[in-house]
Amino acid sequence: MTMSAGWYLRRLSRMGPREVAGRAGDTVRRRRWRSAQPDCPTVSGARFTAVLLAGTVAAVPPDAAKRLVAEADLLMAGHAEFFGVARDDLTDPDWSYDPKTGRRAPSGYAFDVPYRNESVAGDIKQIWEPSRHQYLTVLAAAYAVTGDERYAERVAKHLRSWWAANPPLRGVHWISGIELGIRLLSWVWIRRLLDGWPGAAELFEDNPVALNQIWHHQRWLAAFPSRGSSANNHVIAETAGQFAAACAFNWFPSSARWRSDALRSLERQLRANTFDSGLNRELATEYHGLVLELGLAALAEADAANVQVPESLRLVLLRMTDALAAVVDNRLRPPRQGDADDGHGLILDGAGTDRWASLLATGDAVFGRLEWWPAVTGTDVRTPLLAALIRPYSDKGTAPAVTRPASRPAHFADAGLTILRGPGEIWCRCDGGPHGFLSIAAHAHADALSVEVRHDGVDVLADPGTYCYHGQPEWRQYFRSTLGHNTLRLDGSDQSVSGGPFLWTRHARTRVLAADPSGEGVARWCAEHDGYQRSVHRRRVELTAASQELRVVDEVRGPRRAVHLAFHLGPAIAADLADNRAVLTWTRDGEDRSAVLDLPGLLSWRAHRGESDPPLGWYSAGFGRKEPTTTLVGTGFADGAEGFTTVLRFRG
């Protein structure tokens, strides 16, 4: 995917004067750096002191350690999977190779590489992901848990290989700040986890090549921060990685300045990226998880290095953790909302470890759980290690500047997100929030007024997910489109206007008219949006506890318009559609379950499954993966005379 002149003009139109000036300065700096690359300052007597306390690793639960070692052994055999693509070449990786397309990204000056063009550079996510070195943190953690030096030696081999293949400012791994920031964080934890290995100092502080890489990574991050309309999760990763490295690798003349600048930016950007309710402003749940992981990791480095952080930084992380605890379903699954690319801030665990349970467990250890928090029964490696570095919130010696919720929140007014809960573990997310964050709303979907319904953690009316970013524009467009969500489309148009894969040029404005998620016997929600010119789409949702019935009423106010009303079923759901009634069946824990979906009779209904031209009827469980599922689409006309009523009744 290459960007046209029109895209650049649309992108420029979403920037303010300050951002334009900053980006112009970046362009000049990149040209200057092409020919003027300073050497890393001479470092002598460097020592790594941000170590884990004795006995910390022994606190790792045995089952979590077992999963970790199993994952590490697969990596040792060269096996891994990134975004649905299996790899068997990780014993000796080619750091520029994309196994998905078979292409190698070109070398040369980093800022000349056309990384968005898949026909030239391959799938850049496939190339970048192994070079975040999070699989190496898994191997390092396996060494820390077992003492088996094979893991440490493999880590050292791969780091030396990467450093040799990717000198500063050469190739695709020096293009994106989020990659540099996360990679620095990985290196900090690799050095920490290898501390008992005799070769650790020789690999890092006594290694001029490592010192040069660490210094140039931090110099790059200090020079090219994400700006203005791009200051989303990327800037958090950049500042968290910069801060972590400046704390743990405090070996350079610029370390103190880098540390203070990064901390100041991290605190400011965490507040800017987070609603007062604690939800991430991108309204893309996986980025809530990414930002929370990065923030907790940065806090760990601050406390390990005895660096004072503003109390507001801890409070943002506290609010984010409480918000996560509030929105998950009974199986600890959060909403599937907005973009998701499987990005993690810090990985120390093996496959099968629940990401969200791990974050809540860390929140419990650091901040203390509230009575209404859901129970977390799973275990992980990361929690005891982070908790050993972060001072518990109760140790701060001051009362919190915010009052934590006394009961489980269900309506987040600033984020426009409402959770309706009912018997039989019915969970329903109603979306009445802003289109996205900042002027480009990069990770937003055109999903205003969409609903997402689960029964005991099973997707019944599902958010289909994301699937891809670059290289497949028709699939990117589908998964972020209005038709790709459980909402209503008029005249074949999306509610918000896309100007590119991470750019929205017009945002639908949504407002919640009523939210009573704890209503006696009936939980209610109502909202509307103005995304369709000359028409307003209003939706009411009611969840009746006694009958286990969810009622959705859609109204269109304005001239007569063509309607498409879509309901996407989860991949576990089988549907038998007859006229405007669908019988839904699925199995959970060996038990057969069912529901009836009565669809508006004013529309003509058809089931779609796994269609590709154009795409319709798909579910993406993770980035790079998709599977066929059933989508029910009703077509007809809205003339304002009456609404469209959909009723979902769960049986037993």
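From a predicted model like this one, the values you see are computed outputs, not experimental measurements.
Remark: side-chain polar atoms of Arg183 are not paired, donor with acceptor, to backbone N or O of His133 under 3.5 angstrom. Looking at Thr353, its side chain never comes within 3.5 Å of a backbone N or O of Asp380 through a donor-acceptor pair. Side-chain atoms of Arg18 do not come within 3.5 Å of backbone N or O of Gly228 as any donor-acceptor pair. Ser260 contributes a side-chain N or O that, together with a main-chain N or O of Ala256, makes up a donor-acceptor pair within less than 3.5 Å. Glu286 places no side-chain N or O within 3.5 Å of a backbone atom of Asp339 that could act as its donor or acceptor partner. In this structure a side-chain-to-backbone donor-acceptor pair under 3.5 Å is present from Asp349 to Val381. In this structure, the side chain of Thr466 engages the main chain of Ala340 through a donor-acceptor pair within 3.5 Å. Formation of a donor-acceptor pair under 3.5 Å by the Ser229 side chain with backbone atoms of Met15 is not found in this model. At distances below 3.5 Å, not a single donor-acceptor pair connects side-chain atoms of Trp215 with backbone N or O atoms of Phe252. In this structure, the side chain of Ser265 does not engage the main chain of Ala262 through any donor-acceptor pair within 3.5 Å.
Taking the charged nitrogens against the carboxylate oxygens, Arg23 and Glu19 do have a contact shorter than 4.0 Å, which makes a salt bridge. Between Asp112 and Arg30 no salt bridge is recorded (no basic side-chain N to carboxylate O distance below 4.0 Å). A salt bridge does not link Arg355 with Asp342: every distance from a Lys NZ or Arg NE/NH1/NH2 to an Asp or Glu carboxylate oxygen is 4.0 Å or more. With respect to the salt-bridge test (charged N to carboxylate O, under 4.0 angstrom), the residues Arg192 and Asp195 do not qualify.
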### Message
Does Gln337 form a side-chain contact (heavy atoms from CB on, under 4.5 Å) with His288? I'd like the steps, not just the answer.
### Response
CA-CA 10 Å; Gln337 183 179 18; His288 182 105; over 6 Å; no

### Query
Do Ile214 and Trp251 pass the side-chain contact (heavy atoms from CB on, under 4.5 Å) test, and can you show the C-alpha distance, the side-chain angles, and the key distance before you say yes or no?
CA-CA 10 Å; Ile214 293 168; Trp251 305 326; 4.2 Å; yes

### Task
Could you walk me through whether Tyr143 and Leu193 pass the side-chain contact (heavy atoms from CB on, under 4.5 Å) test, one step at a time?
CA-CA 7 Å; Tyr143 164 76; Leu193 292 165; 5.9 Å; no

### Task
Could you please spell out the steps behind the side chain to side chain donor-acceptor pair (under 3.5 Å) verdict for Thr505 and Arg10?
CA-CA 7 Å; Thr505 56; Arg10 291 191 297 272; over 6 Å; no

### Task
For the pair Trp373 and Thr321, evaluate side-chain contact (heavy atoms from CB on, under 4.5 Å) and give the outcome as yes or no after the intermediate values.
CA-CA 10 Å; Trp373 273 33; Thr321 307; 3.4 Å; yes

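Taking NE2 of His443 as the reference point, atom NE2 of His234 lies at 4.5 Å (rounded to 0.5 Å). Atom CG of Leu270 and atom CG of Leu299 lie 10.0 Å apart (nearest 0.5 Å). Distance check, rounded to the nearest 0.5 Å: OG1 of Thr49 to CG of Asn306 gives 9.5 Å. Summarising the geometry, atom NE2 belonging to His216 is positioned 13.5 Å from atom CG belonging to Asn166; distances are rounded to the nearest 0.5 Å. Considering OG of Ser186 and NE2 of His344, their distance stands at 12.0 Å, rounded to 0.5 Å. Between the OG atom of Ser131 and the CD1 atom of Ile182 there is a distance of 12.0 Å, given to the nearest 0.5 Å.
Contact of the Arg281 side chain with the Tyr287 side chain is not registered, since no non-hydrogen atoms from C-beta on lie closer than 4.5 Å. Arg160 places none of its side-chain heavy atoms less than 4.5 Å from the side chain of Val209. Here the side chains of Ser312 and Arg271 are in contact, with some heavy-atom distance below 4.5 Å. Side-chain atoms of Trp189 and Leu385, non-hydrogen and from C-beta on, do get closer than 4.5 Å to each other. Residues Gln134 and Glu129 meet the side-chain proximity criterion, which asks for heavy atoms closer than 4.5 Å. For the pair Phe249/Phe48, a side-chain contact is recorded, criterion being any heavy-atom separation below 4.5 Å from C-beta on. No side-chain heavy atom of Phe437 sits under 4.5 Å from any side-chain heavy atom of Asn280. By the 4.5 Å heavy-atom criterion applied to side chains, Leu159 and Trp187 are counted as neighbours.
Here the options are Tyr115, Trp95, Trp162, Trp163, the test is ring pair (Phe, Tyr, Trp, His ring centres under 6.0 Å), and the partner is His173; only Trp162 passes. For the side-chain contact (heavy atoms from CB on, under 4.5 Å) test with Val316, the passing option among Thr274, Leu266, Val291 is Thr274; the others fail.
Residues Ala144 and Val57 come closest through the heavy atom pair O-CG1, 3.4 Å. The shortest heavy-atom contact between Ala200 and Leu194 is CB-O, 3.3 Å. Between Gly350 and Glu71 the shortest heavy-atom distance is CA-CB, 3.7 Å. For the pair Asp98 and Gln126, the tightest heavy-atom approach, listed with the atom from each and the gap, is OD1-CB, 3.2 Å. For Pro106 against Val120, the heavy-atom pair with the smallest separation is CD-O, 3.9 Å. Shown here for Val307 and Cys247, the closest heavy-atom pair between the two residues is CG2-SG, 4.0 Å.
Remark: Arg150 CZ is packed, more than 12 non-hydrogen atoms of other residues, nucleotides or ligands lying under 6.0 Å away.
Identified under the salt bridge (Lys or Arg N to Asp or Glu O under 4.0 Å) test for residues 200-227, with sequence neighbours left out: Asp26-Arg227, Arg47-Asp206, Arg191-Glu205. Applying the salt bridge (Lys or Arg N to Asp or Glu O under 4.0 Å) test to pairs two or more places apart or on separate chains, none has a residue in residues 236-248.
Geometrically, Arg29 engages Phe224 in a cation-pi contact, judged by NZ or CZ lying under 6.0 Å from the ring centre and within 45° of the ring axis. Taking the centre and axis of the six-membered ring of Phe502, the NZ or CZ atom of Arg476 falls inside the cone set by 45° and 6.0 Å.
Checked against ring-ring contact (aromatic ring centres under 6.0 Å, His included), Tyr135 has the following partners two or more places apart in sequence or in another chain: His158.
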